[in-house]
**Student:** 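First, the structure itself, so that you have it in front of you.
Because only heavy atoms are used, hydrogens play no part in the values below, and waters and symmetry mates are left out as well, while side chains stay in. Naming convention: chains lettered A, B, ... in sequence-line order (proteins, then strands); numbering from 1 in each chain.
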Amino acid sequence: MTPDTPLPPQYDPTGLEAELYGQWERRGLFEPASDHTSRPAALPPARPYVIMMPPPNVTAQLHMGHGLNNSIQDVLVRFERMRGRDVLWLPGTDHAGIATQNVVEKILAKQGKTRFDLGREEFERRIRAHVQETGTAILQQLRAIGSSCDWHRTYFTLDDDLSRAVREVFVALFDKGLIYRGKYIINWCPRCLTALSNEEVEKTETNGKLWHFRYPLDGGGHIAIATTRPETILGDSAVAVHPDDPRYQQLIGRRVRLPLADRLIPVVADSAVDPAFGTGVVKVTPAHDPLDFEIGKRHQLAQLDVMTDDARMNDSVPERFRGLDRYVARKMIIAEFEGLGLLEKTEEHHNAVGHCYRCDTVVEPRLSDQWFVKMKPLADPALKAYQDGRIRFIPEHRGAEYAQWMQNIRDWCISRQLWWGHRIPVWYCDNSACGKVSASRNDLDHCPACNGAVRQDEDVLDTWFSSQLVPFSSLGWPDQTDDLARFYPGSTLVTAPEILFFWVARMIMSGLEFMQEVPFTTVYLHGTVRDTKHRKMSKSMGNGIDPLDVVRLYGADALRYTVVSGLSVSTDLILDPADLEASFSPGRNFANKLWNVGRFILSNLGGPVRPLAGPHHNVIASAELSLADRWIIARCEDTVREATAAFERFRLNDAALAVHRFLWSDLADWYVEIIKPRLHGDQPGGDVARAVVTQTFDVALRLLHPVMPFITETLWRRLPGRGEAQSISISPWPASDPRAANPESLRRFGLLQELVGAIRSIRAEYGVEPGHTVRATVVTLGEVAKTALMHERSLVCRLAKLSSLDVTTRSSEAPEDAATAVLSDGSAVTVPLGDLVDKNKECARLKSEADRLTAAIRAQEGKLGNDQFVTKAPAAVVAQERKKLAAWRDQLGVLAEKRQRLGCPA
RNA sequence: GGGCGAAUAGCUCAGCGGUUCAGAGCGCCUGCCUUACACGCAGGAUGUCGGGGGUUCGAAUCCCUCUUCGCCCACCA
């Protein structure tokens, strides 16, 4: 669409948005280059504004969560760009180890194959091919919603550069003694066949059972234990009681015969046992429970692993259990205990069971050799950064969560038994006499100690190990690049609270460790997108909304407006997947309204617009300005201040709504209506009106641009003196100009609006035909108000459809039989009844209304006179019915009074 | 089991530490195709601001308590 094409009456974003985005991108407007001559002078501080996109999974499709997150980021980015900051918004994708591997394994499964059939190299190749195919989709989709990222700096966490950073970090931490390998209880996903970090386990409250079993004591008698996981009984290597528990003193040191397994195990005393839980006796299974593991260590107990990788019973258990799934084994074990008369009782018990965050399988605590990062030394500075105020959270209370996690941090299990990811850069010497373990930045082909053969660790690193580095790895670190110097640290991080610990906290820790500075100063955690039942939107639940559908049907601007105006700090965004119209039509309607105000203004400019005086882009009060002119300028100024402050405080909804109110309620509904005659030459002041409307509209477009970039760009370019060569996205942010503020005009015009509204109200109440004019008299409280109103008499007459307007300070001059309304300044407006109603028709109408009411009152009286109703119905209902009756009686009184005043026949 | 947040019109939410704060959008009702817009214009109805108690001249707004939702954390087997 060229600037000369006439604008159609309905805004249609189709095609237009993509075209504009292409132009912006081609012109490099989203790059932080400083050579845009048209870029406004930077406001202090001149530090670049850097925002780091939470990297979506490389194979992900855009969903509403992305839509929300990126809309917010883009609003902030565009706002700061217009304010003259050197802006970098760095986009990227995450290789998402487990998730991506799962996707490709699923595809393989359809062909009846597993990754083991293909072998590691071939499998990796397949994943790469898959990523290649789908990998750019999501970044392309981000363009569709207008995200103004710098696509030249796009990163992928498995890129060579970023992989180099990963090795650097691993080796540095290893050398510092902060990375170690060891055999501990870790969370194992029996479906993904890998270890998980604590954060990757989602605890869900489940209604389970607590079984009480009897273990026979060696030498007679028995002892009762309680467990939620009978299948691990076969791995028990002791029974523990609290050392001070008087009930069990004599048992300590004795032995019990473990049923089914038929082994003798000791009764030990350990203060980790809670005497109040269950029977006060706990079975100790060091290989399958973290607490038992600790107890086992203290008492040198055997660690007996009874399960396979995929959570079936292994060969260390009696033959009849071997190969059974853990839950089948559980049932069988319970049944056998029962058969032996050793099941004492079964209690209902609810506890939190861990699930894999990728596949939702119940996680098995399991003894395993894994790599860990010692977190305490990294967490302490990160906690301090928050306590010192170097990092702030929005909303603030999220900071407490962060602090709590940092204070109770546990070591991070970073090895994953996957094939898709950064392979752990550790080589083991095959020479058993040497056995050196080397972490290395470069691949090793021989042992640095003994020169013998080496083999690399088979495992890969947790995806988040690389994600945590992107604030600097994406800028070229470990090299000291110009980008790194210029853009680290960043400014704001915008993300969902779900990944506060996965990602945000770890970025802060690694940033402090390797860059000696926090990676960003503000963490804005926004809400979650939910459906009308407040369930989180997700593809698997089938309650998702595809943002691209919304873009197609309503436009990206409508999507962004909906999201931004509907989300306040610390609340969730509720959308109805079954009714897109309800959710997104307000945004579309606003875009269309804007479009039509724009069309109207543009088509009435009639040539070059005379610029008004003033250094800023706001127009300044001058003698030629009418009350309405001064009012809209003052409202515009208020809106500039309000929107700017709101954006600065992350209150994007407030900003959006402020501009919405200005454009729709003030500019369109009042100001444009008021200046129509002036524009059409019926009244003087046309030039002034054109100048004022153009400049206030220009300001409003710029204020709205961060939220609705496409439509504002389209309209803005058509304003006088502009063209395709210019872009609103790099136009200066509207400056506040104190001279434009005008409380007196706001007050006066407010009264005028009230007056017009009051007269319209009266007209509507009496059902006056739209084309019919009436007379009105305003009684003001003083001469000042009278004079002021006299100035605006013709305006009020037009807006309220009056044939005449008298203004007086004497109430005696108001008509006797009249409808009256009192305004907030104490003045009163009256309209003679004779103008409002046709006497005969009105009398008839009042009569019939009164008759209807009388009948209703009789019926109601009957109802309330009925004892059955009064005694049987709920008190609230009776009260309500009584209230109704009273209201009708009052109404009847009012009607009677009206009839009397009109002089209707009785 | 700890910690935190929320409860305001039928729906989604504002109301930013007391005194034009009882609001917006959607929905609903009435009337209008008024030469920018029916994705619109004008007018209108609706809430003892979750329950109870307290502080105060005055509270949706501050304090206490209860109820109901939601989130985070947690090795009670």
**Student:** Applying salt bridge (charged side-chain N to carboxylate O under 4.0 Å, His left out), name anything that partners A/E754, two or more places apart in sequence or on another chain.
**Tutor:** none
**Student:** Measure the distance from CG on A/D666 to C1' on B/rA24 and round it to the nearest whole Å.
**Tutor:** 14 Å
**Student:** Extract from the structure each pairing of a protein N or O with an N or O of nucleotides 7-17 of chain B at less than 3.5 Å, listing the distance.
**Tutor:**
| unit_1 | atom_1 | unit_2 | atom_2 | d |
| --- | --- | --- | --- | --- |
| B/rA14 | OP1 | A/S568 | OG | 2.6 |
| B/rG15 | OP1 | A/R651 | NH2 | 2.5 |

**Student:** In whole Å, I'd like the distance from the CD atom of A/E581 to the C1' atom of B/rG27.
**Tutor:** 13 Å
**Student:** Flag this pair as yes if the NZ/CZ of A/R760 is under 6.0 angstrom from the six-membered ring centre of A/W670 and inside a 45 degree cone about the axis; otherwise no.
**Tutor:** yes
**Student:** Which residues pass the ring-ring contact (aromatic ring centres under 6.0 Å, His included) test with A/H660, not counting sequence neighbours?
**Tutor:** A/Y561, A/F590, A/W664
**Student:** Tell me, please, which residues at least two apart from A/H349 pass ring-ring contact (aromatic ring centres under 6.0 Å, His included).
**Tutor:** A/F277
**Student:** Which whole-number value in Å describes the distance from A/H397 NE2 to B/rG5 P?
**Tutor:** 7 Å
**Student:** Return no unless some side-chain N or O of A/W664 is found under 4.0 Å from OP1 or OP2 of B/rC41.
**Tutor:** yes
**Student:** Give a yes-or-no answer on whether the side chains of A/E642 and A/T639 include a donor-acceptor pair shorter than 3.5 Å.
**Tutor:** no
**Student:** For A/P586 and A/A400, find the nucleotide of RNA chain B closest to each by heavy atoms; which residue's nucleotide sits nearer the 5' end?
**Tutor:** A/A400
**Student:** Is A/K345 salt-bridged to A/E347, cutoff N-O under 4.0 Å?
**Tutor:** yes
**Student:** On the ring face of A/F600, is A/K676 found with NZ or CZ under 6.0 Å from the centre and within 45° of the axis?
**Tutor:** yes
**Student:** Under 4.0 Å, counting only non-hydrogen atoms across every strand here, what does A/F590 touch: a base, just sugar-phosphate, or nothing?
**Tutor:** nothing
**Student:** Does A/F337 have any ring-ring contact (aromatic ring centres under 6.0 Å, His included) partners at least two apart in sequence or in another chain, and if so, which?
**Tutor:** A/F213
**Student:** Taking only the C1' atom of each, what is the distance from B/rC4 to B/rG47 in whole angstrom?
**Tutor:** 29 Å
**Student:** Would you please name every residue forming a ring-ring contact (aromatic ring centres under 6.0 Å, His included) with A/Y524, sequence neighbours left out?
**Tutor:** A/F650
**Student:** Distance only, no hydrogens: is a donor on one side chain within 3.5 Å (strictly under) of an acceptor on the other, for A/Y357 and A/E199?
**Tutor:** no
**Student:** List, with names and distances, any nitrogen or oxygen atoms from the protein found under 3.5 Å away from nitrogen or oxygen atoms belonging to nucleotides 75-77 of chain B.
**Tutor:**
| unit_1 | atom_1 | unit_2 | atom_2 | d |
| --- | --- | --- | --- | --- |
| B/rC75 | OP1 | A/R410 | NH1 | 3.0 |
| B/rC76 | O2 | A/D274 | OD2 | 2.3 |
| B/rC76 | N3 | A/D274 | OD2 | 3.3 |
| B/rA77 | OP2 | A/H349 | NE2 | 3.2 |
| B/rA77 | N6 | A/D274 | O | 2.7 |
| B/rA77 | N1 | A/D274 | N | 3.2 |

**Student:** Side chains of A/L251 and A/V241: closer than 4.5 Å at any heavy-atom pair?
**Tutor:** no
**Student:** Nearest whole angstrom, please: distance from the C1' of B/rC41 to the CD of A/Q753.
**Tutor:** 16 Å
**Student:** Tell me the interatomic distance from A/E199, atom CD, to B/rC72, atom C1', rounded to whole angstroms.
**Tutor:** 13 Å
**Student:** Using heavy atoms and a sub-4.0 Å distance, could you list which residues of residues 231-241 of chain A are near RNA chain B? By number, please.
**Tutor:** none
**Student:** Stem finding on RNA chain B, please: runs of three or more consecutive Watson-Crick or G-U wobble pairs, both distances under 3.5 Å, sorted by first number.
**Tutor:** B:1-7 with B:67-73, B:10-13 with B:23-26, B:28-32 with B:40-44, B:50-54 with B:62-66
**Student:** If I take atom CZ in residue A/R530 and atom P in nucleotide B/rA6, what distance separates them, rounded to the nearest angstrom?
**Tutor:** 15 Å
**Student:** Distances under 3.5 Å between protein N/O atoms and the N/O atoms of nucleotides 31-36 of chain B, please, pair by pair.
**Tutor:**
| unit_1 | atom_1 | unit_2 | atom_2 | d |
| --- | --- | --- | --- | --- |
| B/rA36 | OP1 | A/K676 | NZ | 3.4 |
| B/rA36 | O2' | A/N596 | OD1 | 2.5 |
| B/rA36 | O2' | A/R599 | NH1 | 2.8 |
| B/rA36 | N7 | A/K676 | NZ | 3.4 |
| B/rA36 | N6 | A/A668 | O | 3.3 |
| B/rA36 | N6 | A/E673 | OE2 | 3.0 |
| B/rA36 | N3 | A/N596 | O | 3.2 |
| B/rA36 | N3 | A/V597 | N | 3.4 |

**Student:** Verify the distance criterion only: is there a donor paired with an acceptor across the side chains of A/T204 and A/H355 at less than 3.5 Å?
**Tutor:** yes
**Student:** Parallel, tilted or perpendicular: which fits the ring planes of A/F393 and A/Y402, with parallel below 30° and perpendicular above 60°?
**Tutor:** tilted
**Student:** Which whole-number value in Å describes the distance from A/Q10 CD to B/rC37 C1'?
**Tutor:** 9 Å
**Student:** Does NZ or CZ of A/R506 lie under 6.0 Å from the centre of the six-membered ring of A/W412, at an angle within 45° of the ring axis?
**Tutor:** yes
**Student:** Please enumerate all protein N or O atoms sitting under 3.5 Å from an N or O of nucleotides 43-46 of chain B, with distances to 0.1 Å.
**Tutor:**
| unit_1 | atom_1 | unit_2 | atom_2 | d |
| --- | --- | --- | --- | --- |
| B/rG43 | O3' | A/S761 | OG | 2.9 |
| B/rG44 | OP1 | A/S761 | OG | 2.7 |

**Student:** Quick one: side-chain hydrogen bond (donor to acceptor under 3.5 Å, both in side chains) partners of A/D236, sequence neighbours excluded?
**Tutor:** A/Y215, A/K283, A/T285
